[in-house]
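In each ligand, atom 1 is the first atom listed, and ligand 1 is the first ligand listed. Starting from 1, each residue takes its place in the sequence as its number.
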Amino acid sequence: MEAIAVRGLNFSYGSTQILKQIDFTVPESRFAVLLGQNGAGKSTLLKLLLGELSPSEKNGRISIFERDIRQFKNWKSLSYVPQSGMASCQNFPASVEEIVQANLYAQIGLFRFAGKREKGQVRQALLQVGMKDYAKQLIGRLSGGQQQKVLLARALVSQPRLLILDEPATGMDEQSTEDFYRLVKRINLEQGVTVLMVTHDRKRLEAFADDIWLLKDGDLELIRAGEGECAHGDL
Ligand SMILES: Nc1ncnc2c1ncn2[C@@H]1O[C@H](COP(=O)(O)OP(=O)(O)OP(=O)(O)O)[C@@H](O)[C@H]1O
């Protein structure tokens with residue numbers, strides 16, 4: 001099955017065309033990377049995939065898990081990790097577990113307390129990213145790398161089938177970056193979660209990615225096609 005299928009997509013801001021007739025496919029369980037220079041249109045493409053922007057009908061077709069995005073309802077199956085997501089929230093008075101739990105509000109309801117099941121889900125997500133011992137800490141007290149792991153747990157808590165990450169390692173040191181990519185790869189391999197990651201870090205991600213796409217001058221090109229079995233030696 002294709003997790004993402006884009007056919008003949010055009011997109012413009014006013015008279016400036018950003019995407020020109022692009023075709024783009026991410027098969028289920030693949031780890032795909034999207035490269036491109038600043039301003040190439042990567043975030044614009046992600047916004048289109050996340051339903052924040054919509055193309056007019058004559059400007060192409062986007063399908064998520066083989067359903068046209070205009071009819072797609074199962075948004076729970078898709079999670080997003082933003083770039084430096086907590087950077088502007090250093091004084092945000094929320095604990096790590098509250099940040100993760102917030103992604104379960106659709107399940108819990110906004111004004112109810114989390115039950116045993118939800119608390120278990122939060123614990124499991126924090127365990128997956130190695131942040132279980134930080135559950136009660138204030139998010140603003142953590143390092144940038146730890147905060148990004150919490151945002152990854154937040155994305156995983158709803159058990160998505162597709163994980164979209166926008167330059168998730170921006171500002172991290174070398175070791176934290178490597179650890180973060182390794183963690184995402186492990187989730188991809190062990191749980192079969194499809195991954196699409198926007199990055200400038202081609203060199204390091206070559207070891208983790210199956211497919212590598214390059215967005216340039218409005219065109220999207222598959223510059224390395226994997227077999228879907230890019231296992232990384234010692235995860
Ligand atoms: N809301 C908007 N209105 C008009 N132009 C926009 C808007 N958002 C982005 N752009 C322009 O569209 C182009 C693509 O922007 P986009 O943010 O998608 O690029 P990007 O590849 O994600 O860049 P970066 O790597 O710097 O994050 C840029 O020239 C940008 O200035």
S.K.: Examine the proximity of ligand 1 to Ile18 and report which part, side chain or backbone, both or neither, has a heavy atom under 4.0 Å away.
M.R.: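 Under 4.0 Å from ligand 1, Ile18 contributes side-chain atoms alone.
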
S.K.: If you have a sec, work out which protein heavy atom is nearest atom 27 (O) of ligand 1 and how many Å separate them, to one decimal?
M.R.: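 Result for atom 27 (O) of ligand 1: Ser43 OG, 3.9 Å.
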
S.K.: Show which atoms of ligand 1 fall inside a sub-4.0 Å distance from at least one heavy-atom site of His200.
M.R.: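 Every atom of ligand 1 under 4.0 Å from some heavy atom of His200: 25 (O).
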
S.K.: Quick one: look up the protein heavy atom nearest atom 18 (O) of ligand 1 and list residue, atom name and how far away it is.
M.R.: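 Ranking protein heavy atoms by distance from atom 18 (O) of ligand 1, first comes Thr44 OG1, 2.5 Å.
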
S.K.: Among all protein heavy atoms in this structure, tell me which lies nearest to atom 25 (O) of ligand 1, with the distance rounded to 0.1 Å.
M.R.: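 Result for atom 25 (O) of ligand 1: Lys42 NZ, 2.7 Å.
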
S.K.: Counting only heavy atoms not in Arg67, do more than 12 sit closer than 6.0 Å to its CZ atom?
M.R.: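 Check fails, neighbour count at 12 or below.
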
S.K.: Please determine which of Leu215, Asp201, Leu214 meets the side chain to side chain contact (heavy atoms under 4.5 Å, CB included) test together with Leu35.
M.R.: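 It is Leu214; the other options fail the test.
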
S.K.: With a 4.5 Å cut-off on side-chain heavy-atom distances among I, L, V, M, F, W and Y, is there a chain of contacts connecting Val150 to Tyr134?
M.R.: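 Yes, one cluster joins them.
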
S.K.: Checking side chain to side chain donor-acceptor pair (under 3.5 Å) against Gln128, which of Gln191, Arg186, Glu190 comes through?
M.R.: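 Only match with Gln128 under side chain to side chain donor-acceptor pair (under 3.5 Å): Gln191.
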
S.K.: Of the side chain and backbone of Glu167, name the one, both, or neither that has a heavy atom under 4.0 Å from an atom of ligand 1.
M.R.: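 Side chain only.
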
S.K.: Would you mind checking which non-hydrogen protein atom is closest to atom 26 (O) of ligand 1, with the distance to 0.1 Å?
M.R.: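 It is Asn38 ND2, 3.0 Å.
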
S.K.: For Lys47, is the nearest heavy atom under 4.0 Å from an atom of ligand 1?
M.R.: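 Checking ligand 1 against Lys47, which is what was asked, there is no heavy-atom contact under 4.0 Å.
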
S.K.: Report, in ascending order of atom number, the atoms of ligand 1 lying under 4.0 Å from any heavy atom of Gln37.
M.R.: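 Listed by number with element: 21 (O).
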
S.K.: With a 4.0 Å cut-off on heavy atoms, is Gly41 touching ligand 1?
M.R.: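 Right, Gly41 reaches ligand 1.
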
S.K.: Does Leu53 belong to the same Ile/Leu/Val/Met/Phe/Trp/Tyr cluster as Leu46, with side-chain heavy atoms less than 4.5 Å apart forming each link?
M.R.: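 Both belong to a single hydrophobic cluster.
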
S.K.: Starting from atom 1 (N) of ligand 1, find the nearest protein heavy-atom neighbour and note its residue, name and distance.
M.R.: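 Among all protein heavy atoms, the one nearest atom 1 (N) of ligand 1 is Tyr13 CE2, 3.7 Å.
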
S.K.: A quick test of your reading: do over 12 heavy atoms of other residues, nucleotides or ligands sit less than 6.0 Å from CZ of Phe24?
M.R.: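 Yes.
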
S.K.: Ligand 1 and Gly39, any nitrogen or oxygen pair closer than 3.5 angstrom?
M.R.: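 Indeed, backbone or side chain, Gly39 has an N or O that close.
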
S.K.: Consider side chain to side chain donor-acceptor pair (under 3.5 Å). Of Arg204, Arg202, Lys203, which one does Glu206 pass it with?
M.R.: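 Going through Arg204, Arg202, Lys203 one by one, the side chain to side chain donor-acceptor pair (under 3.5 Å) with Glu206 is satisfied by Arg202 alone.
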
S.K.: Would you find a donor on one side and an acceptor on the other, under 3.5 Å apart, between the side chain of Asp210 and the backbone of Phe31?
M.R.: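 It does hold such a pair.
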
